[in-house]
Amino acid sequence: MNTRAALFRTIGAPLSIETIALDPPKPTEVLVRIAAVGLCRTDLHVMRGERRVAMQPMVLGHEAAGVVEATGPAVEGIAPGDHVVLTFIPGCGVCRWCAQGLHHLCAEGPRITQGPQLDGSYRRRDAHGEDVGAFCMIGGFAERTVVDRASVIVIDKDIPLDLAALVACGVPAGVGAARHRANVKAGDSVLVVGCGGDGMNVVQGARLCGATTIIAADIAPYKRELALSFGATHTTDAQGEALTRAVHALTDGVGVNHAFVCIDPATTLLPAFRATQKAGNIVVTAITPDTVKQIDVPPLELFATQKAIMGAVYGFMSPRLQIPALLRLYRAGDLKLRELITRTYALADINQGYADLEAGKNLRGVVVF
Ligand code: CXF
Ligand code: ZN
């Protein structure tokens, strides 16, 4: 069949809206009609050449939810008509990580920027017959996609699919970083640097954990304002050394228990590290451009203060377990999802959506079909 899709062809150029050929699902695969897909900053990093992918053209988009239209003969437990969220790491189910329920650490993870399907072959071709890749083995910026069952989570049908898309990336990344990576405890203090798609969800994750001081740092006034409604107790527009000083002023001069680096680690990691108290945690959820090869942290400072700097992908919990759990929290009224969406777009207007993200206008833009 044919499908409309937004293709990444050239670094620095807008996505190209084209009709491409999409093959039917192989035995372990699933055909999904995309209902909604979020405009995450990761795809923007790819478009700008800051996060290199292995091939072009490639259909970007990795924060997607939709409806199953067909399944391959080996697929069990997923049926046409099912509502699904797609996971940006496949979760092969058999590697040493998946065997422990740690699908966010799946051995196939490093291949998600390569382009082909999980089995190594391609399902998409452009008008010239050239293979088209799928970012994160999803390629969600399209009306339809074919993905391996390893990327599919069936969800309850009462969840609106535009909200379901959000629990494919930004929400688990942020909420999970607070709950599962830093293990924020009731009464803890937290700093969130960058209150976008990840950071705003760290704020609400910290609130869910019972943190009593939640400092939201962002240069955009409307994100600081919104952070207060997501659970932040304080906001600041300070950056660099001024941010460290502002946080110390709010925490008896010792710093927070946990700092979250949710934007541009190259410039925010060290100020966040220094805004964290002794033996505290610094969690990095944001992507650093490939051009930045290292970030300096004075080793004696690290040793003497006994802090832990850690990474968190997918909020450090299996998306397979976390996504249904997050949707239960939403249904119980404990997790904000609708409030994350700033604007929606048609697929044809996706470049406007990314322009709005770049201009700092969007917390989350979502393409709805
Ligand atoms: C990213 C993580 C790094 C590889 C591509 C997907 N996740 C979400 O934005
Ligand atoms: Zn993302």
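We count ligands from 1, going down the list as the structure has it; atoms in each ligand are counted the same way.
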Within the 4.0 Å heavy-atom shell around [X], which atoms of ligand 1 are there?
X	result
C169	8 (C), 9 (O)
I112	4 (C), 5 (C)
C40	9 (O)

Please work out the angle at the Zn ion (ligand 2) defined by atom SG of C40 on one side and atom SG of C169 on the other, rounded to 10°.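 Approximately 130° at the metal, rounded to tens of degrees.
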Is any side-chain N of the basic residue among K26 and D148 closer than 4.0 Å to the acidic one's carboxylate O?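 Answer for the salt bridge query: no.
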For atom 3 (C) of ligand 1, what's the nearest protein heavy-atom neighbour? Residue, atom name and distance, please.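 Result for atom 3 (C) of ligand 1: I287 CD1, 3.9 Å.
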Counting heavy atoms only, which part of E63 comes closer than 4.0 Å to ligand 1: side chain, backbone, both or neither?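 Neither; no heavy atom under 4.0 Å.
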Do [X] and [Y] have side-chain heavy atoms sitting under 4.5 Å apart?
X	Y	answer
Q239	P271	no
V283	H258	no
L208	V175	yes

I'd like the name of whichever of Y314, F135, F88 reaches closest to atom 7 (N) of ligand 1 through any heavy atom.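 Nearest heavy atom to atom 7 (N) of ligand 1 lies in F88.
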Using a 3.5 Å distance criterion without hydrogens, assess whether the side chain of R343 forms a donor-acceptor pair with backbone atoms of K361.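 Yes; judged by distance alone, with no hydrogens or angles, the pair exists.
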Take atom CD of E241 as the centre, draw a 6.0 Å sphere, and report whether it contains more than 12 heavy atoms from other residues, nucleotides or ligands.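 At most 12 heavy atoms, drawn from other residues, nucleotides or ligands, come within 6.0 Å of this atom.
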Does an N or O from T42, backbone or side chain, lie closer than 3.5 Å to an N or O of ligand 1?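 N/O-N/O distance under 3.5 Å: yes.
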Do ligand 1 and T113 have nitrogen or oxygen atoms that lie under 3.5 Å from each other?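 Min N/O separation from ligand 1 is not below 3.5 Å for T113.
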Classify the ring geometry between Y314 and F88 as parallel (under 30°), tilted (30 to 60°) or perpendicular (over 60°).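 Ring orientation of Y314 relative to F88: parallel.
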